[in-house]
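All remarks here apply to the structure that follows.
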Amino acid sequence: MTQVAEPGSAAGATSTHGAGQGTLGAVHHWIGGRIVEGTSGRRGPVFDPATGRIAREVDFATTDEVAAAVAAAKAAFPAWRASSLSKRTDILFKIRNLVESRRTELAAHLTAEHGKVPSDALGEIARGIENLEFACSIPNLLKGGFTEQASTGVDVFQIRQPLGVVAGITPFNFPAMVPMWMFATAIATGNTFILKPSEKDPSASMFLAELLHEAGVPDGVFNVVHGDKVAVDAILEHPDVAAVSFVGSTPIARYIYETGTKNGKRVQALGGAKNHMIVLPDADIDMAADAAISAGYGSAGERCMAIATIVAVGDVADPLVAAITKRLPQVKIGPGSDPQAEMGPLVTRQHRDKVASYLDSSAAQGATVVADGREHPLFKDSDGFFLGVSLIDHVSTEMDAYKDEIFGPVLTVVRVPTYEAAVGLVNDNPYGNGTAIFTRDGGAARQFQFEVLAGMVGINVPIPVPVAYYSFGGWKSSLFGDLHMYGPEGIQFYTRAKIVTQRWPDPGTSKIDLGFPRTR
Ligand code: NAD
């Protein structure tokens with residue numbers, strides 16, 4: 001993470017976005033229902049990826065500032081958990097409606113700092129809103145079981161109660177949706193929440209904080225601290241943080257899981273991905289090619305559910321690669337201010353250059369570069385972090401472009417002879433987030449769904465992100481922990497069960513009995 005030596009030195013700041021910003025265009029923290037300026041003197045640059053300029057800076061929290069947020073959340077917890085479910089539902093409806101009515105402003109923050117084009121930003125927000133809508137049904141979701149007459153005159157029932165202060169640590173690629181995956185369910189179930197968003201695009205979280213405030217979320221129930229490893233470690237080590245949800249890259253997810261659980265916290269840590277799309281010889285080639293383009297280059301490939309690897313089975317490879325190649329010029333690349341643009345820049349220059357480096361390593365390792373995104377005029381002539389769409393054929397499993405998560409607009413094609421070889425590739429891969437199969441054969445699709453080792457499976461659907469009333473999560477190195485995120489498993493993650501066994505004997509009928517119950 002880059003640090004900026006001189007706070008406020010963001011020459012060329014162009015922000016018109018007010019979210020959480022104080023003097024000098026800096027993004028501050030949100031603690032206890034108000035903006036709190038950082039005191040560390042450490043800040044990170046926030047770029048406008050379309051121009052390559054630093055647009056503003058973001059405060060990096062100290063351990064004490066994180067502790068202040070935890071204290072605010074802890075103080076707010078007793079009243080919030082005691083608030084009625086109908087009151088919480090009312091507030092969640094208001095949050096949902098505010099996010100919906102202010103979605104264009106929220107989308108502008110995403111475009112300004114992440115670089116994704118407005119249509120994609122609005123799609124991200126729509127998927128986040130689904131999580132708020134799911135959380136609006138919290139009275140129904142928290143219904144427990146009740147057993148009458150478990151023993152004579154004895155009833156047993158289960159209630160689910162919140163954990164207390166919980167934290168969410170989120171990645172740069174979904175600065176609005178992933179926080180909504182977490183906080184919608186966390187606060188609906190009665191917890192208070194601390195968000196540590198990505199330092200690369202922090203303004204969306206401050207805008208959300210203001211909307212939650214406007215919706216009537218009490219002070220301290222939702223807090224935002226910005227920063228780097230210092231802030232993350234302060235969360236992981238604070239004794240009053242009961243649970244941590246994380247979404248990001250696999251090495252950091254593993255670290256969060258190991259450190260958080262060692263410190264006695266409940267942790268769900270979602271990691272990186274390498275999603276394969278298998279195309280069988282009987283597939284509709286045009287449909288598969290359209291899907292590959294959409295899922296490979298949407299959001300400049302910076303989606304954890306993006307298709308990275310196309311596995312072409314048998315003789316489908318040549319026509320499939322030809323159909324994808326034919327479509328490449330149709331992808332309109334440009335800044336979010338261009339209404340025609342379908343794909344924006346990458347998030348930082350450093351990341352863009354790393355993504356582009358796979359084109360050279362693939363060629364050196366024997367693959368065929370069919371399309372090189374560095375030939376796009378915006379790569380050559382713009383200061384923005386643009387890269388054109390790239391396609392690499394004849395990739396094999398020893399190549400870096402296959403082994404690494406590239407996280408950019410680079411589609412790779414691996415050619416295999418059989419369905420068995422294709423499934424073997426997916427199952428041997430260390431990641432297991434999403435995968436897809438394209439075929440007209442229902443039997444093959446069912447076999448694939450049965451045996452593939454991945455958490456989310458698409459059948460003629462390239463990006464099978466579950467709707468909000470299911471839960472989201474990968475397998476293998478794509479998730480550390482037991483429970484997937486949002487949906488029913490999110491409710492489980494943010495609550496703990498309490499089982500009550502009760503009886504109401506008539507006065508005078510009790511007696512001493514040191515044994516276990518012997519009669520039924
Ligand atoms: P990242 O792991 O670099 O950062 C994620 C979060 O961790 C950020 O808040 C960051 O500040 C923090 N962080 C970074 N380095 C840290 C360190 N050394 N110690 C403590 N905290 C640290 O991820 P990213 O680059 O922001 O996001 C892209 C990654 O996220 C990709 O790997 C992508 O696949 C993954 N992702 C996964 C999912 C999923 O659901 N599985 C969803 C979205 C993104």
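Every number for a ligand or one of its atoms is a count from 1 in the order of the listing. What you see is a predicted model, and the numbers here were worked out from it, not measured in a lab. Quick note: numbers below take in every heavy atom, side chains included, and nothing from hydrogens, waters or symmetry partners.
Heavy-atom separations between Pro197 and ligand 1 include at least one value shorter than 4.0 Å. At least one heavy atom of Gly271 sits closer than 4.0 Å to an atom of ligand 1. Ligand 1 is never approached by Asp228 to a heavy-atom distance shorter than 4.0 Å.
Classified by interplanar angle (parallel below 30°, tilted 30° to 60°, perpendicular above 60°), the ring pair His213/Trp30 is perpendicular.
Taking 4.5 Å as the limit, some side-chain heavy atom of Tyr431 sits within range of a side-chain heavy atom of Thr250.
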| request: Show the numbers, then the answer: is there a salt bridge (charged side-chain N to carboxylate O under 4.0 Å, His left out) between Arg374 and Asp360? | output: CA-CA 11 Å; Arg374 293 171 296 188; Asp360 290 333; 3.0 Å; yes

| query | Does the pair Glu130 and Tyr486 meet the rule for a side-chain contact (heavy atoms from CB on, under 4.5 Å), with working shown? | reply | CA-CA 10 Å; Glu130 282 183 23; Tyr486 70 72; over 6 Å; no

| task | Apply salt bridge (charged side-chain N to carboxylate O under 4.0 Å, His left out) to the pair Asp48 and Arg56, showing each step before the final yes or no. | result | CA-CA 9 Å; Asp48 174 352; Arg56 58 194 69 83; over 6 Å; no

| task | Let me see the working for Glu124 and Lys116 under salt bridge (charged side-chain N to carboxylate O under 4.0 Å, His left out), right down to the final yes or no. | result | CA-CA 10 Å; Glu124 162 174 356; Lys116 61 179 72 179; 2.5 Å; yes

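When non-hydrogen atoms are compared, ligand 1 lies under 4.0 Å from neither the backbone nor the side chain of Asp233. At a heavy-atom cutoff of 4.0 Å, ligand 1 is contacted by the side chain of Asn173 but not by its backbone. At a heavy-atom distance under 4.0 Å, only side-chain atoms of Glu405, from C-beta outward, approach ligand 1.
Counting the atoms of ligand 1 from 1 in the order shown, those under 4.0 Å from a heavy atom of Lys196 are 8 (C), 9 (O), 10 (C), 11 (O). Each of the following atoms of ligand 1 lies closer than 4.0 Å to a heavy atom of Phe472: 39 (C), 40 (O). Distances below 4.0 Å separate heavy atoms of Gly272 from the following atoms of ligand 1: 32 (O), 34 (O). The contact set between ligand 1 and Ser198, taken as ligand atoms under 4.0 Å from a residue heavy atom, comprises 9 (O). Under a 4.0 Å criterion applied to the non-hydrogen atoms of Ile169, ligand 1 contributes the atoms 6 (C), 7 (O), 9 (O). The ligand atoms of ligand 1 that sit less than 4.0 angstrom from a heavy atom of Phe407 are 28 (C), 31 (C), 33 (C), 34 (O). Listed by number with element, the atoms of ligand 1 under 4.0 angstrom from any heavy atom of Asn433 are 41 (N). Annotation for ligand 1: atoms under 4.0 Å from non-hydrogen atoms of Cys304 are 34 (O), 36 (N), 37 (C), 38 (C), 39 (C), 40 (O), 42 (C), 43 (C), 44 (C).
Note that OG of Ser299 and CD of Glu342 are 13.0 Å apart. Values are rounded to the nearest 0.5 Å. Residue Thr435 holds its OG1 atom at 9.5 Å from CG of Asn429, rounded to the nearest 0.5 Å.
Checking only distances, Gly248 does come within under 3.5 Å of ligand 1, N or O to N or O. Note: an N/O pair closer than 3.5 Å links Glu199 and ligand 1 by distance alone. At a 3.5 angstrom cut-off on N or O pairs, Thr170 counts as close to ligand 1. At under 3.5 Å, a nitrogen or oxygen of Phe172, whether backbone or side chain, sits near a nitrogen or oxygen of ligand 1.
Looking at Lys265 and Asp240, no side-chain N of the basic residue comes within less than 4.0 Å of a carboxylate O on the acidic one, giving no salt bridge. A salt bridge links Arg96 and Glu133; the closest N-O separation between the charged side-chain nitrogens and carboxylate oxygens is under 4.0 Å. Looking at Asp228 and Arg42, a side-chain N of the basic residue comes within less than 4.0 Å of a carboxylate O on the acidic one, giving a salt bridge.
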